[in-house]
Protein chains: 2
Amino acid sequence: MTQSKTDPRVLRTRKLIMDSFIELSGKKEFKDITVKDITSEAKINRATFYYHFEDIYDLLDKILSEVLLINLNAIDFEKSELNEASIIDIFVAITDFQRALSNRCHRGYDETIARIIREQLEIIFYGMLRKQHTTEEDESLKITAVILSWGVYGASVEWRRNCKESSPEAFIKSAIPFLMSGIEHV
Amino acid sequence: MTQSKTDPRVLRTRKLIMDSFIELSGKKEFKDITVKDITSEAKINRATFYYHFEDIYDLLDKILSEVLLINLNAIDFEKSELNEASIIDIFVAITDFQRALSNRCHRGYDETIARIIREQLEIIFYGMLRKQHTTEEDESLKITAVILSWGVYGASVEWRRNCKESSPEAFIKSAIPFLMSGIEHV
DNA sequence: TTCGATTTGTCGTTTATGCAACACATTGAT
DNA sequence: ATCAATGTGTTGCATAAACGACAAATCGAA
């Protein structure tokens with residue numbers, strides 16, 4: 001809330017870098033994109049790139065997190081509870097996100113994408129759990145969030161692999177009882 | 001030719017400012033556009049504006065000069081001589097330029113536009129004259145360029161006011177004998 | 001393998017931009 | 001006419017970005 005505004009120069013530069021990366025990833029595969037490519041496309045100095053990002057993997061991290069967050073932000077986690085409905089919403093958001101990625105020539109990032117999605121899920125689940133169980137100890141909530149995040153992410157992998165003929169909503173519903181029992185068990 | 005590249009930050013910032021001004025001038029009249037409007041639209045600091053431009057009139061100057069130059073650059077002055085054909089080309093470029101301006105809601109700038117066009121014309125005529133008369137003294141060429149620039153600009157005013165039914169080419173052709181005699185008299 | 005070319009991180013220095021504050025001018029409503 | 005609000009142009013200082021250089025790593029072709 002009280003976040004002091006970040007320097008507009010930083011916002012501009014980050015946007016330039018991210019836009020250039022997205023532009024380039026429409027032409028080349030990830031492994032062929034160099035930092036030099038990005039900075040000359042963005043017309044910024046290469047040293048400036050390293051001022052904002054550790055390396056090209058860090059950039060990918062932050063871009064994907066941001067894109068995923070935009071998808072997930074449609075769901076208002078501040079208000080919604082961790083129940084059947086919100087789990088379905090989140091699952092649909094993830095499958096939408098992955099579909100968007102595969103439409104945009106993002107190939108060869110699979111492991112990175114997986115990690116990012118799972119990490120984001122963990123953060124979200126942990127936040128929601130803590131709101132509902134303010135009395136519980138943190139460790140217990142944390143491990144629940146971890147297991148949930150892996151489980152839901154795994155479900156999305158499974159859906160993409162085998163079950164595209166059924167809707168994501170229908171697919172995740174079959175897993176809801178198991179997930180919810182774990183949540184209520186905390 | 002040996003111009004050392006200007007700092008990319010400068011180019012970016014100037015473009016931000018100019019684009020914002022052009023954007024704003026589609027919504028308001030010139031007299032209603034403030035420096036603050038421009039800088040907040042461009043998301044740059046107001047002090048940065050004054051780093052690049054003296055004031056809002058200076059900005060208008062440079063924007064219009066640039067737009068006019070793009071029109072005029074279609075004509076290759078480095079190669080062409082100051083003769084009947086090139087005068088016609090220049091006259092047509094000016095009338096095109098003014099038509100483009102009036103299409104884009106630029107009202108109330110008339111005096112400024114007039115000055116800028118005339119100054120540009122003077123620069124161009126002087127440059128062309130000097131290439132053809134390397135032996136002549138500068139002062140003589142300069143005054144010729146001044147008179148030519150006023151004359152050709154005045155012709156464009158006259159054409160806009162009374163003679164739009166005839167083509168600009170036909171219109172300026174009737175003035176060519178007078179202009180050329182002045183040029184050859186140097 | 002080896003060698004040249006390219007890329008990667010990092011550093012120190014210079015320059016452009018951000019920011020807050022200022023006195024002054026202009027505007028607009030009462 | 002007055003007063004508050006807004007815009008103007010300027011300044012000093014803080015910080016991001018540019019630039020050039022560098023050693024090390026990686027890549028590619030002979």
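Lettering follows sequence order; numbering is per chain, from 1.
- OP1 or OP2 of D:dA18 sits under 4.0 Å from a side-chain N or O of B:R12.
- Distance A:K15 NZ to D:dA17 C1': 19 Å, rounded to the nearest Å.
- Checking the phosphate oxygens (OP1, OP2) of D:dT10, no side-chain nitrogen or oxygen of B:Y50 falls inside 4.0 Å.
- A nucleotide of DNA chain C counts as in contact with chain A when one of its atoms lies under 4.0 Å from a heavy atom; the first and last such, 5' to 3', are C:dT7 to C:dC19.
- Between A:I56 and A:T34, the shortest heavy-atom distance links the atoms CD1-C, 4.2 Å.
- Rounded to 10 degrees, the angle separating the terminal helix axes of the helix from C:dT1-D:dA30 to C:dT30-D:dA1, each built from five base pairs, is 50°.
- Under the side-chain hydrogen bond (donor to acceptor under 3.5 Å, both in side chains) criterion, A:D32 pairs with no residue, sequence neighbours left out.
- Rounding to the nearest 0.5 Å gives a distance of 10.0 Å between CD1 of B:I33 and NZ of B:K27.
- For A:D7, the side-chain hydrogen bond (donor to acceptor under 3.5 Å, both in side chains) partners at least two apart in sequence or on another chain are A:R9.
- If you measure from atom CG of A:D37 to atom P of D:dT26, you get 18 Å, rounded to the nearest angstrom.
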Protein-proximity profile, nucleotides 11-16 of chain D, B/S/- by nucleotide at the 4.0 Å heavy-atom cutoff, equals B---BB

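- With sequence neighbours excluded, no residue forms a side-chain hydrogen bond (donor to acceptor under 3.5 Å, both in side chains) with B:K36.
- Under the salt bridge (charged side-chain N to carboxylate O under 4.0 Å, His left out) criterion, B:R118 pairs with B:E122, sequence neighbours left out.
- Scanning for salt bridge (charged side-chain N to carboxylate O under 4.0 Å, His left out) contacts around A:D19 gives A:K15, with sequence neighbours left out.
- With sequence neighbours excluded, the residues that form a ring pair (Phe, Tyr, Trp, His ring centres under 6.0 Å) with A:F49 are A:F53.
- Distance A:K36 NZ to D:dT26 C1': 15 Å, rounded to the nearest Å.
- The salt bridge (Lys or Arg N to Asp or Glu O under 4.0 Å) analysis of residues 40-50 of chain A, with sequence neighbours excluded, yields no pairs.
- In this structure, the CZ atom of B:R46 is 11 Å from the P atom of D:dT10, given to the nearest Å.
- Between B:N45 atom CG and D:dA17 atom C1' the separation is 16 Å, expressed in whole Å.
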Side-chain donor/acceptor pairs under 3.5 Å, residues 170-182 of chain B, sequence neighbours excluded:
{"unit_1": "B:S174", "atom_1": "OG", "unit_2": "B:F171", "atom_2": "O", "d": "2.7"}
{"unit_1": "B:S181", "atom_1": "OG", "unit_2": "B:F178", "atom_2": "O", "d": "2.8"}

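- Remark: B:N45 pairs with no residue by the side-chain hydrogen bond (donor to acceptor under 3.5 Å, both in side chains) rule, at least two apart or across chains.
- Spacing between atom CG of B:D55 and atom C1' of D:dG7 amounts to 13 Å, rounded to whole angstrom units.
- Remark: C1' of D:dA18 and CG of A:L16 are 14 Å apart, rounded to the nearest angstrom.
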